[in-house]
Amino acid sequence: MLDSKLRFILQRCVVFGQAKQVHGQLVVNRFNHLESVLVHQTLLLTKEFSRNVVNYVRRILKGVNGLDSFSWGCLVRFLSQHRKFEETVGVYIEMHSSGVPPSSHAITSVLRACGKIENMIDGGNSIHAQVLKSGFCGCVYVQTGLVGLYSRLGYIEMAQKAFNDIAEKNTVSWNSLLHGYLESGNLDEARRVFDELPEKDVVSWNLIISSYAKKGDMGNAVSLFLVMPLKSPASWNILIGGYVNCREMKLARTYFDTMPQKNSVSWTTMISGYTKSGDVQSAEELFKQMSKKDKLVYDAMITCYAQNGKPKDALKLFSQMLESNSDVQPDEITLSSVVAANSQLGDTSFGTWVESYITEHGIKIDDLLRTSLIDLYMKGGDFAKAFKLFNDLYKKDTVSYSAMIMGCGRNGMATEANHLFIEMIKKKIPPNLVTFTGLLSAYSHSGLVQEGYKCFKSMKDYNLEPSVDHYGIMVDMLGRAGRLEEAYELIKSMPMQPNAGVWGALLLASGLHNNVEFGEIACSHCVELETDPNGYLSHLANIYTSVGRWDDAKNVRDAMGEKKLFKTLACSWIESSV
DNA sequence: ATAGGGTTAG
């Protein structure tokens with residue numbers, strides 16, 4: 001009787017944020033057995049993740065005498081719900097080694113966490129073994145947790161086996177299996193499971209629809225969407241996401257505008273869609289309309305600016321994010337975009353700021369953030385720092401190698417670039433177009449034409465088709481070396497239309513070697529391709545001057561600013577060059 | 001159990 005009254009009072013107190021005072025009273029009055037209620041209530045009422053709450057609960061758990069399976073389970077579940085998966089596993093292990101038997105909540109939560117961590121199959125297996133010993137092997141929730149674990153880690157046969165063992169399967173069990181087939185890419189089998197599913201709920205529908213949407217099969221996605229009996233906001237968001245992936249922003253917008261209950265996922269999806277299609281203005285409009293902005297929306301908008309050549313706007317928004325006293329705090333994802341923005345501005349000093357910010361706020365530096373820092377330091381010429389960060393990478397990949405090689409390329413460090421390239425090939429890390437941009441510019445800056453040529457030719461060995469930019473670098477390299485004829489031949493052999501950059505490289509080289517013939521050809525193309533031709537024309541005029549053709553130089557200078565005149569000039573040059 | 005944010009070139 002007393003207990004139930006106390007329980008009630010306790011709950012009210014926690015609601016009013018007085019957990020700590022109540023806890024003191026409990027200890028003084030030796031009502032320690034009620035501490036688990038306190039833990040439970042505290043965690044239940046904590047909607048946002050809070051480090052303080054976790055520390056507080058852990059302190060209580062450490063102080064509790066005797067086994068409190070329930071409280072530990074609450075904490076494990078809390079961590080898992082807030083996506084702190086490594087910590088979930090850590091606390092579970094701590095609980096286990098304290099001799100506390102796991103509750104079913106603890107098991108399902110830790111299984112979920114294992115499924116979200118890469119290479120956690122061993123951990124998952126040992127928990128599976130514990131389940132078999134624990135007496136929870138007949139519990140649907142735990143068994144379903146096992147299906148989910150194997151599904152997420154990609155062991156679909158194991159998932160199917162765990163599923164078969166469930167005596168009374170519920171919809172969640174079915175959905176977990178469905179998820180497994182979708183993850184393994186077996187859409188046909190997934191569809192079979194879906195069709196067999198006795199009581200489809202909104203998640204079953206969302207799962208199958210999202211797999212069609214991910215594949216870009218919007219026809220199937222929409223027709224299922226239309227017939228599903230009850231739509232959740234997620235259903236709408238899945239469709240919007242599907243259209244975003246197909247770059248069908250108009251259609252995405254139609255669904256976004258018609259959906260009855262937009263949530264912040266809907267807004268973020270739209271903003272990142274506009275980011276990818278370069279429509280900063282539409283993204284900005286949506287962002288401004290949003291009333292309650294969460295961290296992910298801020299991230300999306302900062303990235304939008306950073307990826308669309310507006311690094312200053314990215315930084316402005318970032319400082320707004322820091323100033324707002326709400327609960328949006330930057331993390332490693334925010335910072336990777338912010339660092340990228342600073343790289344564009346060439347502000348290396350920012351690196352120092354970020355690094356101290358990271359230490360102060362306990363943000364973990366992951367490989368993506370590290371890669372953006374590498375780029376920042378390489379651009380700023382702080383090679384020692386960049387190489388240190390590079391060596392600290394947990395897993396070096398195409399992007400991080402390319403960032404290094406690009407940095408070497410910019411700074412004419414051909415030996416280092418080549419060394420890095422050989423290393424990545426040895427490690428079977430596939431190079432991409434960016435890698436070769438870096439490599440070629442390294443050779444170009446060092447005047448290593450032979451090596452550059454070989455490198456350019458080798459692109460096809462990696463199934464890479466050189467882009468306009470690669471041709472541009474090659475033309476620049478050959479041209480600087482005085483091999484203008486070859487450069488011109490290369491341009492003529494291009495499978496795509498040369499752009500102003502390519503012709504500009506030839507023009508520049510013609511200037512370096514006072515070559516009128518190629519200078520005229522190159523200039524005429526540049527003039528055709530660009531709206532403002534004066535820079536090119538002045539280059540050409542200089543070439544004429546350098547060979548003593550004063551009249552021609554004067555003609556060209558007169559033509560500057562007069563569209564008609566240079567058009568006629570351009571025509572005559574093109575004719576004469578054919 | 002389903003839906004949203006990140007790094008390398010131009």
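Within every chain, numbering begins at 1; the chains are lettered A, B, ... in the order of the sequence lines, protein sequences first and strands thereafter.
Contact annotation: side chain of A:Asp366 to base of B:dG6, donor-acceptor pair present below 3.5 Å. The base of B:dA3 is paired with the side chain of A:Asn263 by a donor and an acceptor separated by under 3.5 Å. For a distance-only test at 3.5 Å, the side chain of A:Thr303 fails to qualify as a donor-acceptor partner of the base of B:dG6. One N or O donor and one acceptor, one from the side chain of A:Asp294 and one from the base of B:dG4, sit under 3.5 Å apart.
In this structure, the side chains of A:Thr334 and A:Met321 come closer than 4.5 Å at one or more pairs of heavy atoms. Put simply, the side chain of A:Pro330 reaches to within 4.5 Å of the side chain of A:Phe318, judged on heavy atoms.
Tested against A:Phe225, the residues A:Tyr243, A:Tyr212, A:Trp236 include a single ring pair (Phe, Tyr, Trp, His ring centres under 6.0 Å) partner, A:Trp236.
Between A:Lys379 and the phosphate of B:dT8, there is no side-chain N or O to OP1/OP2 separation shorter than 4.0 Å. The side chain of A:Gln344 contributes no N or O atom lying less than 4.0 Å from OP1 or OP2 of B:dA9. Residue A:Lys231 places no side-chain N or O under 4.0 Å from the OP1 or OP2 atom of B:dT2. Between A:Arg112 and B:dA1 there is a side-chain N or O to OP1 or OP2 distance below 4.0 Å.
Closest approach to the A:Thr371 side chain among B:dA9, B:dA1, B:dT7 is made by B:dT7 (side chain taken as heavy atoms from C-beta onward). Which of B:dT8, B:dG4, B:dG6 sits closest to the side chain of A:Val265 comes down to B:dG4. Listed candidates were B:dT8, B:dT2, B:dA1. Nearest to the side chain of A:Ala234 is B:dT2. Listed nucleotides B:dT8, B:dT2, B:dA3 differ in distance to A:Pro233; the shortest reach to its side chain belongs to B:dA3. Closest approach to the A:Ala403 side chain among B:dT2, B:dT8, B:dG6 is made by B:dT8 (side chain taken as heavy atoms from C-beta onward). Considering only side-chain atoms of A:Ser336, the nucleotide from B:dG6, B:dT8, B:dA1 that sits closest is B:dG6. The side chain of A:His179 has B:dA1 as its nearest neighbour among B:dA1, B:dG6, B:dT7. Comparing B:dA9, B:dT2, B:dG6 by their closest approach to the side chain of A:Asn206 singles out B:dT2. When the nucleotides B:dT7, B:dA1, B:dT2 are ranked by their closest atom to the side chain of A:Val399, B:dT7 comes out on top. The side chain of A:Val203 approaches B:dT2 more closely than any other nucleotide in the set B:dG6, B:dT2, B:dA9.
A 6.0 Å sphere centred on NE2 of A:His105 holds no more than 12 heavy atoms belonging to other residues, nucleotides or ligands.
Between the CG atom of A:Leu335 and the P atom of B:dG6 there is a distance of 14 Å, rounded to whole Å. For the pair A:Arg83 CZ and B:dG4 P, the interatomic distance rounds to 10 Å; values are reported in whole Å. One interatomic measurement links the two molecules: CG of A:Leu393 to C1' of B:dT8, which rounds to 12 Å at whole-angstrom precision. One atom, CG of A:Leu224, and another, C1' of B:dT2, lie 14 Å apart when rounded to the nearest Å. Atom CD1 in A:Ile333 sits about 8 Å away from atom P in B:dG6, given to the nearest Å. To the nearest angstrom, C1' of B:dT7 lies 14 Å from CG of A:Asp331. A:Phe390 has its CZ atom 13 Å from the C1' atom of B:dT7, to the nearest Å. Look at CG on A:Leu177: it is 14 Å from P on B:dT2, rounded to the nearest Å.
Looking only at distances, no side-chain donor or acceptor of A:Asp476 sits under 3.5 Å from a matching main-chain atom of A:Ala505. One N or O on the side chain of A:Ser223 and one on the backbone of A:Gly219 form a donor-acceptor pair closer than 3.5 Å. Panel note: side chain A:His470, backbone A:Ser467; a donor-acceptor pair is recorded below 3.5 Å.
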Problem - Working for ring-ring contact (aromatic ring centres under 6.0 Å, His included), residues A:Tyr471 and A:Phe456 - result: CA-CA 9 Å; A:Tyr471 279 98; A:Phe456 181 73; 5.3 Å; yes

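Scored by the ring-ring contact (aromatic ring centres under 6.0 Å, His included) test, A:Tyr298 finds A:Phe287 as partners (sequence neighbours excluded).
Within residues 149-163 of chain A, the residues approaching DNA chain B are A:Arg152, by heavy-atom distance under 4.0 Å. Annotation: proximity of residues 267-283 of chain A to DNA chain B (heavy atom, distance under 4.0 Å) is found for A:Thr268, A:Thr269, A:Ser272, numbered in ascending order.
Residue-level contact check: A:Leu369 touches the bases, meaning some heavy atom is under 4.0 Å from a base atom. Using a 4.0 Å heavy-atom distance criterion, A:Lys262 is classed as making no nucleic acid contact. A:Ser173 comes within 4.0 angstrom of no nucleic acid atom, judged by non-hydrogen atoms across all strands.
Seen from the ring of A:Phe256, A:Lys262 counts as a face-on cation partner, given the 6.0 Å and 45° thresholds.
Distance CG/A:Asn164 to NZ/A:Lys161: 9.5 Å, rounded to 0.5 Å.
The closest side-chain donor-acceptor pair between A:Ser337 and A:Thr303 falls under 3.5 angstrom.
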